[in-house]
4 protein chains.
Amino acid sequence: MAQISRKEQATATRDKLLETAKNLFAEMGYHGTPVRAITRQIQKGDGILYHYFPGGKQEIMAVLLKESFEHRVREIKQLTNETIENLPLRDALLVILGKIRELFLNDLDLMRILFRENDLFDLVEAKQLSVMMSERVESIAEFLRRRHVRGEIRAMNFTFAARQLLSMWMQYTYSAIVGIKMVPEPDMTAYMEEMVDFTLSLWQP
Amino acid sequence: MAQISRKEQATATRDKLLETAKNLFAEMGYHGTPVRAITRQIQKGDGILYHYFPGGKQEIMAVLLKESFEHRVREIKQLTNETIENLPLRDALLVILGKIRELFLNDLDLMRILFRENDLFDLVEAKQLSVMMSERVESIAEFLRRRHVRGEIRAMNFTFAARQLLSMWMQYTYSAIVGIKMVPEPDMTAYMEEMVDFTLSLWQP
Amino acid sequence: MAQISRKEQATATRDKLLETAKNLFAEMGYHGTPVRAITRQIQKGDGILYHYFPGGKQEIMAVLLKESFEHRVREIKQLTNETIENLPLRDALLVILGKIRELFLNDLDLMRILFRENDLFDLVEAKQLSVMMSERVESIAEFLRRRHVRGEIRAMNFTFAARQLLSMWMQYTYSAIVGIKMVPEPDMTAYMEEMVDFTLSLWQP
Amino acid sequence: MAQISRKEQATATRDKLLETAKNLFAEMGYHGTPVRAITRQIQKGDGILYHYFPGGKQEIMAVLLKESFEHRVREIKQLTNETIENLPLRDALLVILGKIRELFLNDLDLMRILFRENDLFDLVEAKQLSVMMSERVESIAEFLRRRHVRGEIRAMNFTFAARQLLSMWMQYTYSAIVGIKMVPEPDMTAYMEEMVDFTLSLWQP
DNA sequence: GATGAATGAGATTTCATTCAT
DNA sequence: AATGAATGAAATCTCATTCAT
């Protein structure tokens with residue numbers, strides 16, 4: 001018979017708390033979410049949250065951000081240093097953008113919380129995100145420079161070029177996070193390809 | 001001596017309520033702002049908000065969004081049909097981006113509320129904003145097409161070109177609204193010019 | 001031109017206040033009626049009530065009870081000492097019950113207030129009403145005794161007989177005041193006649 | 001020692017809330033009773049009422065009426081079909097009136113609320129009460145008819161006779177509920193007997 | 001005579017948190 | 001490990017009343 005150990009049971013409850021809190025904070029905001037909404041959704045008593053997170057609502061918010069964010073970053077890092085060097089340029093750009101998409105949209109709730117509650121709580125995660133993005137821009141710029149050396153694209157300000165590519169994509173991404181659609185929402189990958197093709201046409205040597 | 005009529009005094013109070021509510025909602029979020037914080041800031045009694053907005057917190061939120069947004073739109077419309085046709089391309093683009101900046105950043109508080117509380121309240125204003133932006137993209141695309149006919153820029157997908165320009169700029173704008181800086185924040189106009197120059201260099205015939 | 005003097009205007013406003021307050025207190029109860037409900041219904045400003053009744057809500061309640069009650073009593077007294085002596089018994093009883101009905105139902109709002117708020121305010125009017133009713137019972141008892149002497153009805157405990165008659169009628173009256181119908185509500189005068197006939201049939205010598 | 005389980009304790013608190021609310025609503029009216037008055041009287045915190053009645057004041061009002069009324073009706077139903085058939089007429093009538101008295105006066109607070117707040121809340125209970133009373137009249141009429149057949153009372157309109165008896169008694173009852181005494185209030189049972197004797201004297205064959 | 005802006009006490013209600021069981 | 005009864009501070013809202021105009 002499937003016996004669940006006490007420890008497993010405990011971890012399961014803790015995880016359900018974090019998951020549910022994340023959903024609700026993303027949907028209704030931190031201040032708009034009563035602790036009860038969380039505990040009721042996992043069918044437990046009022047006090048359970050304080051058992052796992054003695055610091056209460058604030059603590060579960062902090063923990064979920066930290067854990068979710070770390071988890072995201074770990075995922076990204078695994079994907080990150082793959083060999084795009086040897087891919088054809090178009091494919092390489094698609095891979096890069098695909099990873100960015102994953103970074104932002106694979107945990108949409110996390111991003112929503114980060115965006116919404118950032119200036120309320122002055123979240124370190126938001127700052128880390130900013131840093132990550134700047135680094136990414138630079139690394140893409142470097143990548144483009146190498147491709148230029150290979151004669152695949154023209155000479156230009158590669159940092160701006162990197163920003164240009166990312167910006168167009170981020171526009172798309174923001175829509176999903178913030179809920180304000182500023183870009184037509186057709187098939188996502190189709191749009192990505194069209195965008196890359198357009199950009200490459202401008203970068204031709 | 002500056003005599004203020006009773007009616008003027010009343011309007012002033014109402015306006016102060018709206019203004020203060022906007023500030024606080026933008027800063028601490030709707031749920032994070034007690035009604036008291038508003039009335040105390042304008043040095044009035046607890047009940048005054050309900051005198052002007054019988055529907056309470058909800059109503060003042062709705063009214064301030066509606067009035068601020070309408071005011072924004074009115075301002076934009078006035079600026080809108082100016083003669084960019086006859087300006088040099090670079091200047092014309094700078095004017096266009098300048099207007100977009102005004103649309104989003106002249107009332108930063110309004111934008112913050114729109115972005116933050118959109119999925120909480122399903123705000124019509126957010127939807128209108130989306131529509132406005134899509135229309136703007138199309139009108140810029142048309143403008144670029146006309147410039148292409150004049151031989152000033154190369155042939156390309158003008159809708160994408162318009163999006164490309166706007167996206168880069170919006171990236172900048174988002175940073176200010178959401179508080180997550182994904183782009184270095186140097187002098188704003190300098191960045192705008194750099195960006196336009198970079199873009200134009202890619203659009204050369 | 002129909003000029004209304006200032007005094008008439010003032011009296012009119014005062015009367016409208018009293019009338020409206022009576023309606024609303026009867027309908028929604030004293031505590032359930034905001035002062036604003038009164039002033040708004042007569043299309044005047046918030047403060048007007050305090051102009052005519054400096055004691056505020058309490059005073060208008062006291063005044064309206066006093067004036068309405070006195071008015072009622074004055075009306076009743078006029079009707080009261082008519083010559084029922086010479087009427088046929090049946091007609092005399094109908095006249096008596098008719099008067100009682102007027103006493104209670106001609107100003108239904110007043111009665112509602114008296115019944116509803118009596119133990120909240122320990123109203124003197126309620127007590128006077130009790131006294132009036134007891135006196136009435138005795139005077140009817142006397143009347144019946146005289147009719148017995150004339151041989152029109154049998155000997156019996158006339159006080160109880162008077163109560164019996166009144167009770168049946170009051171049952172009817174209570175229904176209207178309290179809003180709990182305990183008696184079928186056909187045509188009122190028809191019911192009154194039926195009731196009298198039934199009673200007389202029991203009183204036959 | 002008398003150990004009280006947690007559940008019992010909870011039920012006790014809930015019951016105390018209902019009981020106290022009933023007392024206070026009857027005494028000071030629904031609108032005249034602050035929620036605090038209830039919680040303070042049972043020596044509990046402000047929030048406790050909302051723990052048991054999430055709908056607040058309105059809900060506790062609704063629940064207490066429903067539960068009290070159902071309880072009353074259940075009690076009445078138990079008493080109802082006893083063997084009055086075989087009692088002497090006078091005793092039978094006294095039993096009947098005694099039950100009516102119990103119906104109305106055993107839970108005086110409930111009746112006060114029903115009478116006072118009926119038109120404020122359009123209470124179903126008040127309507128049920130009306131229906132119950134009408135049925136009662138008919139069942140007494142039937143009873144009287146059977147006694148007539150046995151030759152114990154004269155022929156007459158039995159429905160009216162039943163109403164007559166009840167009315168006299170209800171007069172008495174109303175006084176207690178509404179607080180306006182329209183009938184001398186001596187010893188209750190003495191009055192009841194006198195009344196029955198008087199009525200029977202008129203009903204003699 | 002009349003207004004309605006303003007007040008502030010107090011009413012209703014919510015909710016994070018504690019703790020005995 | 002879990003519960004949910006209980007708390008009380010704080011939030012939202014109502015309303016009788018005042019008073020400058």
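These figures come from a predicted structure and were not determined experimentally. Hydrogens, waters and symmetry mates are skipped; everything else that's a heavy atom, side chains included, is used.
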* Asked: Can you tell me how far P of dA11(E) sits from CD1 of Ile60(D), to the nearest Å?
  -> 17 Å
Where do N or O atoms of nucleotides 17-19 of chain F meet protein N or O atoms at under 3.5 Å, pair by pair?
{"from": "dT17(F)", "atom 1": "OP2", "to": "Tyr50(C)", "atom 2": "OH", "distance (Å)": "2.9"}
{"from": "dT17(F)", "atom 1": "OP2", "to": "Lys57(C)", "atom 2": "N", "distance (Å)": "3.1"}
{"from": "dT17(F)", "atom 1": "O5'", "to": "Tyr50(C)", "atom 2": "OH", "distance (Å)": "3.4"}

* Can you tell me how far CG of Leu120(B) sits from CG of Asn118(B), rounded to the nearest 0.5 angstrom? -> 9.0 Å
* To do: Output yes when Arg72(A) and Glu67(A) qualify as a salt bridge under the 4.0 Å nitrogen-oxygen rule, no when they do not.
  => no
* **Within residues 18-25 of chain A, residues whose heavy atoms come under 4.0 Å of DNA chain E** => none
* To do: Mind listing the residues from residues 27-34 of chain D sitting with a heavy atom below 4.0 Å of DNA chain E? Number order is fine.
  => Thr33(D), Pro34(D)
* To do: Could you state the atom-to-atom distance from CD of Glu59(D) to P of dT13(E) in whole Å?
  => 11 Å
* Give DNA chain E the dot-bracket treatment, 5' to 3': Watson-Crick (N1-N3 with N6-O4 or O6-N4) or G-U (N1-O2, O6-N3) under 3.5 Å, [ ] crossing, | other strand. => .||||||||||||||||||||
* To do: May I ask you to check whether over 12 heavy atoms, not counting those of Lys66(B), lie within 6.0 Å of atom NZ?
  => no
* Nearest-Å distance for atom pair CZ/C1', residues Phe53(C) and dG1(E) -> 14 Å
* Please state how far atom NZ in Lys7(B) lies from atom P in dA5(E), giving the value in whole angstrom units. => 9 Å
* **Gap between atom CG of Leu64(C) and atom CG of Leu110(C) - 0.5 Å precision** => 7.5 Å
* From CD (Glu125(C)) to CG (Leu114(C)), nearest 0.5 Å -> 6.5 Å
* Asked: Would you say the side chain of Leu18(D) lies within less than 4.5 Å of the side chain of Phe53(D), judging by non-hydrogen atoms?
  -> yes
* Heavy atoms, side chains only, cut-off 4.5 Å: are Ile180(C) and Lys127(D) in contact? -> no
* Distance test, side-chain N/O of Ser5(D) to OP1/OP2 of dT21(E), below 4.0 Å -> no
* To do: Check whether any side-chain nitrogen or oxygen of His51(B) sits under 4.0 Å from OP1 or OP2 of dA5(E), and answer yes or no.
  => yes
* Phosphate OP1/OP2 of dA5(E): any Thr13(B) side-chain N/O under 4.0 Å -> no
* Structure fact -> In whole angstroms, the gap separating P of dT3(E) from CG of Leu17(C) amounts to 10 Å
* **Phe69(B) vs Leu129(B) side-chain heavy atoms within contact, under 4.5 Å** => yes
* **Protein-nucleotide distance (Gln43(C), atom CD; dT3(E), atom C1'), rounded to Å** => 14 Å
* Any side-chain heavy atom of Glu19(A) sitting closer than 4.5 Å to one from Lys16(A)? -> no
* Pairs flagged by salt bridge (charged side-chain N to carboxylate O under 4.0 Å, His left out) wherever residues 112-121 of chain B is involved - sequence neighbours left out -> Arg112(A)-Asp119(B), Arg116(A)-Asp119(B), Asp119(A)-Arg112(B), Asp119(A)-Arg116(B)
* **Residue whose closest nucleotide on DNA chain E lies nearer the 5' end, Lys44(C) versus Ile48(D)** => Lys44(C)
* Could you tell me the separation between the CD1 atom of Ile60(D) and the CD1 atom of Ile38(D), rounded to the nearest 0.5 Å? => 5.0 Å
Let me check something: any side-chain donor-acceptor pairs from residues 24-37 of chain D under 3.5 Å, sequence neighbours excluded? List them with distances.
{"from": "Tyr30(D)", "atom 1": "OH", "to": "Gln58(D)", "atom 2": "N", "distance (Å)": "3.2"}
{"from": "Thr33(D)", "atom 1": "OG1", "to": "Leu24(D)", "atom 2": "O", "distance (Å)": "3.2"}
{"from": "Thr33(D)", "atom 1": "OG1", "to": "Gly29(D)", "atom 2": "O", "distance (Å)": "2.6"}
{"from": "Arg36(D)", "atom 1": "NE", "to": "Asp46(D)", "atom 2": "OD1", "distance (Å)": "3.1"}
{"from": "Arg36(D)", "atom 1": "NE", "to": "Asp46(D)", "atom 2": "OD2", "distance (Å)": "3.1"}
{"from": "Arg36(D)", "atom 1": "NH2", "to": "Asp46(D)", "atom 2": "OD2", "distance (Å)": "2.8"}

* In whole angstrom, give the distance that lies between atom NZ of Lys16(D) and atom P of dA5(F). => 15 Å
* **Contact check, side chains of His71(A) and Asp107(A), non-hydrogen atoms, under 4.5 Å** => no
* Close side-chain approach of Thr13(C) to His51(C), heavy-atom, < 4.5 Å -> no
* Asked: NA contact type, Tyr52(A), heavy-atom cut-off 4.0 Å: base, sugar-phosphate, or nothing?
  -> sugar-phosphate
* Side-chain N or O of Gln9(B) closer than 4.0 Å to phosphate OP1/OP2 of dG4(E) -> no
* dT7(E) C1' sits how many Å from Arg40(B) CZ, rounded? -> 15 Å
